[in-house]
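For the numbers below, each heavy atom of this structure counts, side chains included, while hydrogens, waters and symmetry mates do not. Owing to the predicted nature of the structure, the values given are computational and were not obtained by experimental measurement. Lettering follows sequence order; numbering is per chain, from 1.
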Amino acid sequence: MKKIDRRIFLKGGLAGGAALAATGTAATAKGAGTFNGYPNSMGVLVDLTKCVGCRTCEAACNKEQGLPAPDKPFNDTSVFDEVREGGQKRRTTEKAYTVVNRYDVEGREGGPVYRKFQCNHCQEPACLTSCFVNAYKKTPEGAVIYNPKVCVGCRTCMVACPFYVPAYAYSSATNPVVKKCIMCYDTRLKFGRPPACVEACPQEVMTFGKRTDLIKLGHERIKANPGKYVDHLYGETEVGGTSWMYLSDVPFEKVGFDTTLGNQPIISYVKDFLGMVPVVLTVWPALFTGFHLLANRKEAKKKEEENKG
Amino acid sequence: MNRLVGRGFQPITSLTKPDGTRWSVKEKLLLGLTPQDYMAVQMRNPFNWLLWLIYAIGLPVLVGRFIYGLGWATHGSYDYPWGLFLAWGLFTMVPLSASGFMMGTTVELFGRKDFKPIERLGLLNGLLGYLFAVMFLQVDLGQPWRLIYPMFVSLGPAAVLFLVAWHVATYLSCQVAELVPAYSEWMGLPKAKKAIKSIVLGLTVAGIILSTLHQGALGALFTYAPGKVHPLWYSSTFQWFLFLNSAIFAGLSMLIVVSTLSKWFLRWRCDDNFKQNLDQLTVGIAKGAALALITYLVLKIIAIAHDNKWEYLFTGWGQWYVFEIAVGVIVPLILYTRAVRNESASLARLSAFIAVFGIALNRLNTALITFNWKLYQEVPHWREVVIVITVYATYIVVYRAILARLPILYTWKERS
Ligand code: SF4
Ligand code: SF4
Ligand code: SF4
C-alpha cells in the first residue's frame, strides 16, 4: 500500500512546475525497491514438465482477450519450427499475449520441453516504473494492467521489461498502444476467478492461487519428487519476484529463461541517477550563482586596478 | 551569396537602408535582394538541388509514416522498440546541442565576454538541436498528439522519461528566451531585448540545471535495460554522468563544426568581428573540449574497473569498444591538446569533426548497435533512414535560413 499512497501524494503535489516534479521523482525512487508486493496478491505456478504443447492456452487467451485471428490455426504445431531474426523462437506480439515454444533439450527423457510464456506480472514491474504517463498499475490482486487511453507510444516499457513481454500495435496508425497480458484482470481476476489460459489447459500445467501459497507449493513439489526438478522456483526472486513462477526439470537457461537477471528490481539500477536529482536541484543554483559573483568580482577588481594604474 | 558579396553587395546589418529608410520585413526575409535575384541565388546553389532531391523522396515517405503508421515506416520491432529516430534524433542530437548552455555559462555566468562573438551561435545550435530532437520524437511516438499527456493529463513522475520530457520542454522555452535579443534586434523591438537582459542570469542558471539533469537522464534511460545494453556501454552508477560529461565536449565540438561550416559557406554573413576572433575562440573552445574529454576517458575506465568488466574487452564487442574509444575519444583528445598547444584552429576543427563522429558512434552504439547484444542486430528499414535524412535536412534548412537573417554571425548595427 505504501507505494500507492506515495503516488497519490505526488499527484496532488505536482500541479506545478518541473522542478517540483523532478524532486518528486527522487522521493519516489528512494522508496522503490522496498516494496514487496501486496500480501494477498495472486499468482500462477507453471510446471513445465507437464506441458504437452497443445496450444489450448493460446487459443483461450485469444478468445478471452478478443484478439484478431492468428495467422495459423491454434492446432497447427508447425509454429514450433518458426524462427525469427537471430534464430529466436516466437514471442508475444500485438496479436498474441501468450505463446508456447518448443525446446529440444539433449539427453532429456520424454522428448522436448514446451514452455508457455506471457507477462510475468512482476512484484515491482520495470514497465510500470519506467512509464512517464503512469499508464501501468499493479493491482492488489497481483495483475499488472495498463491504461491504453493514456499510452503515448514512447515504448520505454518495452525497453525496460527484462522479459521482452510488452508488444506494440505498430500496425495501427491512428491508435497504436502497448499490448500485453493483463492476467485476465477485467473479466476474471477482479472477480477472483483464474485466468482463461490457466482454466483451459487440459494438462493442468498451471496452478492459480495466492502467491505466497504457490511458493510453498512449488518448493514442496520439488522436495516431494527428489531428482525430478531443478531446485529453483523461477520468478520467486528474479527481478524482485514475479506473480507467475515456473518449475522445470531442465536448467532454466536451456528453455528460454534468462538466468542472468539477478534479484534486484529493475528500478534499483536507475536509483543512482534518481538520487542525484535533488542534489542538483538544490546545490546547483547556489553554486553557479556563487561562481558568477566570484567571476565578476575578479573582473570588477581588475577594472578598479586598471583605473588606478 | 559569397560571390555576390565579392562583387560588392552589402548584406543587411541594420534596420535602415543606406538611404535612411527602413527595410520592410519582406525585404529582410529576401536578404535585401529582389525576388528575382533571390531565386537566382537559390537556384545557383548545388546544395539546394540536393535538398530538393531529398524532399522529393523523403516527404512522401514522411507523410506515409503518419498515414500508414510506424509498422510501415519501420520494421515495427518488438525487441528493438527504439530505432534510428530516437538513436539519432534524440540520443545524438541532444548532446550535440549542449553548446547552448555551455556558451551561456561561459559568457553570462563566468563573465568571459571574449566569447561573445560566438555565444549566439552556441545558443542557436542548442535551440535548433532541441527543437528537432522534439520533431524526431514526434515522428517516433506512436501517438504524437498525446505529447502533452505526461505534462497535464497523466503524470508518471517516478519515471526518468518524465524528467526528460519536462526538462526538454522547459529548457526549450529557456533557449527561445535567450535568443529573443537576436530576434528583437532584427525586428526592431528593443523592449523585448531589455526584458530578457534583466533575467538572463536566471535563464542561464536554469539552463545549467536543466541541462545537467536531462543530459544525464538520457543516459539513465538505459539503466532500465541492464541486460540489454552491452556491459561495456552500460554502467548503472556512471551512465548518467558519462552522458552528461560527453555532452559537454559533444556540444563544444559541434559548435566548432557549425562555426567552421558557417565560415566556409556563409562567409558573406559573418562580420569581421566574427571572422577575426573565430580562430582564437576555436582554440579556446578546444581547451574546454579537451578537458571534458580527458575526464570522460578516465571515467570510462573507472566505470569498467568499478564493475570489473575487463574480460569483455577481449571479445568482439570489446574490439568495437576500443575502436570507439580510440577514434571517438583518444584521437580528438590528442588533436585538441596539440591544437591548444600550437594555437592551431585548423587542427581543432579537424578534431571537432572527429569528436562529433565519435559521440554519434557512442550514442548509436548504446541505443541501437550494442542494444540486445544477446539477441540479433537490427538494421533499420530503408524508410526509417529516409525519414531521418529528411528531417535532418529540414534542420539544416532552418538553421541556414536563420543564420542568413538574424544577427547571429554578425553584430547588429544600432544600439537599441
Ligand atoms: S514481465 Fe515485463 S511487462 Fe510484465 S510486469 Fe514484468 S516488466 Fe511489466
Ligand atoms: S492471463 Fe489472460 S491475458 Fe494473460 S495470457 Fe492468460 S489468458 Fe491471456
Ligand atoms: S494448454 Fe497447457 S498443455 Fe497445452 S500448451 Fe498450454 S500450457 Fe501446455
Side-chain angles (χ1 to χ4, degrees), chain A residues 10-11 14 18 21-22 24-25 28-29 32 85-86 88 91-93 126 129-135 147 150-156 158-160 162 164 167-173 175-177 258 260-261 266 269-270 272-274 276-277 280-281 284-285 288-289 291-292 295-296 299, chain B residues 66-72 74 76 78-79 81-82 105 108-112 140-143 146-147 149-150 153-167 169-170 201 205 208-210 212-213 216-217 219-221 223-228 236-237 239-240 375-378:
Chain A
L10 276 176
K11 258 190 201 162
L14 257 186
T25 309
T28 319
E85 302 92 331
Q88 289 193 91
R91 60 156 284 165
T92 51
T93 68
T129 42
S130 71
C131 178
F132 75 151
V133 288
N134 213 6
N147 178 2
V150 300
C151 172
V152 181
C154 69
R155 308 190 293 285
T156 313
M158 299 166 70
V159 167
Y164 292 92
Y168 192 71
Y170 285 112
S171 59
S172 163
N175 189 29
V177 292
D258 189 343
T260 63
L261 291 176
I266 293 296
Y269 298 95
V270 190
D272 280 331
F273 171 71
L274 295 175
M276 133 349 245
V277 172
V280 169
L281 282 175
W284 259 219
F288 282 95
T289 319
F291 280 155
H292 174 67
N296 282 12
E299 208 172 72
Chain B
F66 289 100
I67 296 176
Y68 304 114
L70 279 168
W72 177 83
T74 72
Y78 304 127
D79 301 326
W82 292 342
T105 315
E108 306 298 342
L109 212 110
F110 290 124
R112 290 291 301 267
D140 185 74
L141 282 182
Q143 309 213 20
R146 287 184 179 175
L147 182 70
Y149 275 33
V153 178
S154 178
L155 310 182
V160 172
L161 195 62
F162 180 81
L163 185 142
V164 175
W166 267 100
H167 283 199
T170 329
L201 184 62
V205 174
I208 302 175
I209 298 172
L210 295 169
T212 312
L213 289 178
L221 272 178
T223 54
Y224 280 115
K228 298 184 185 179
S236 151
T237 319
Q239 196 89 351
W240 69 269
L375 301 188
Y376 58 93
Q377 188 55 57
E378 154 83 359

Residue selection (most heavy-atom pairs with chain B, distance under 4.5 Å) from A/I266, A/T92, A/V159, A/V177 = A/V159
Closest non-hydrogen atom pair, A/W284 against B/I209 | CB-CG1, 3.8 Å
Given B/E108, B/Q239, B/Q377, the one with more heavy-atom pairs under 4.5 angstrom with chain A than any other is B/E108
When rounded to the nearest 0.5 angstrom, what is the spacing between OH in B/Y224 and OG1 in A/T129?
-> 5.5 Å
Heavy atoms, side chains only, cut-off 4.5 Å: are B/L109 and A/F288 in contact?
-> yes
Do you know the tightest heavy-atom contact between A/F273 and B/L213?
-> CZ-O, 3.6 Å
Side chain, backbone, both or neither: which part of A/Q88 has an atom under 4.5 Å from a heavy atom of chain B?
-> side chain
A/N175: side chain to side chain donor-acceptor pair (under 3.5 Å) partners, not counting sequence neighbours = B/Q143
Close side-chain approach of A/R91 to B/D79, heavy-atom, < 4.5 Å | yes
Taking every non-hydrogen atom, the tightest pair across A/P285 and B/V205 = CA-CG1, 3.8 Å
Measure A/C154 against the heavy atoms of chain B and call it side chain, backbone, both or neither at under 4.5 Å.
-> both
So which of A/S130, A/A135, A/A167 has the biggest tally of heavy-atom pairs under 4.5 Å with chain B?
-> A/S130
Residues in ring pair (Phe, Tyr, Trp, His ring centres under 6.0 Å) with B/Y376, at least two apart?
-> B/Y80
A/L274 side chain reached by B/L163 side chain, heavy atoms, under 4.5 Å | no
Please report the closest heavy-atom contact between A/M158 and B/P81, naming both atoms and the distance.
-> CB-CG, 3.3 Å
Residue part contacting chain A, namely of B/L201, when any heavy atom lies under 4.5 Å = side chain
Okay, B/A169 and chain A: the region with an atom under 4.5 Å from a heavy atom over there is neither
Main-chain N/O of A/C151 paired to B/R146 side chain as donor or acceptor, under 3.5 Å | yes
Output the option from A/S171, A/C131, A/A126 having the highest count of non-hydrogen pairs under 4.5 Å with chain B.
-> A/C131
Relative to chain A, which of B/G227, B/P226, B/A220, B/A225 shows the most heavy atom pairs under 4.5 Å?
-> B/P226
Would you call A/T156 and B/L221 a side-chain contact if the rule is heavy atoms closer than 4.5 Å?
-> yes
Identify which of B/L147, B/V153, B/T74, B/L70 forms the greatest number of heavy-atom pairs closer than 4.5 Å to chain A.
-> B/L70
Ring centre gap for B/F110 and A/F291 strictly below 6.0 Å | yes
Kindly give the heavy-atom pair with the smallest separation between B/P150 and A/F132, and that separation in Å.
-> CG-CE1, 3.4 Å
Hey, which of A/V270, A/D258, A/L261 has the most heavy atom pairs under 4.5 Å with chain B?
-> A/V270
For A/T93, is it the side chain, the backbone, both, or neither that has a heavy atom closer than 4.5 Å to a heavy atom of chain B?
-> both
How close do A/V152 and B/Y149 get, heavy atom to heavy atom, and via which atoms?
-> CG2-CB, 3.9 Å
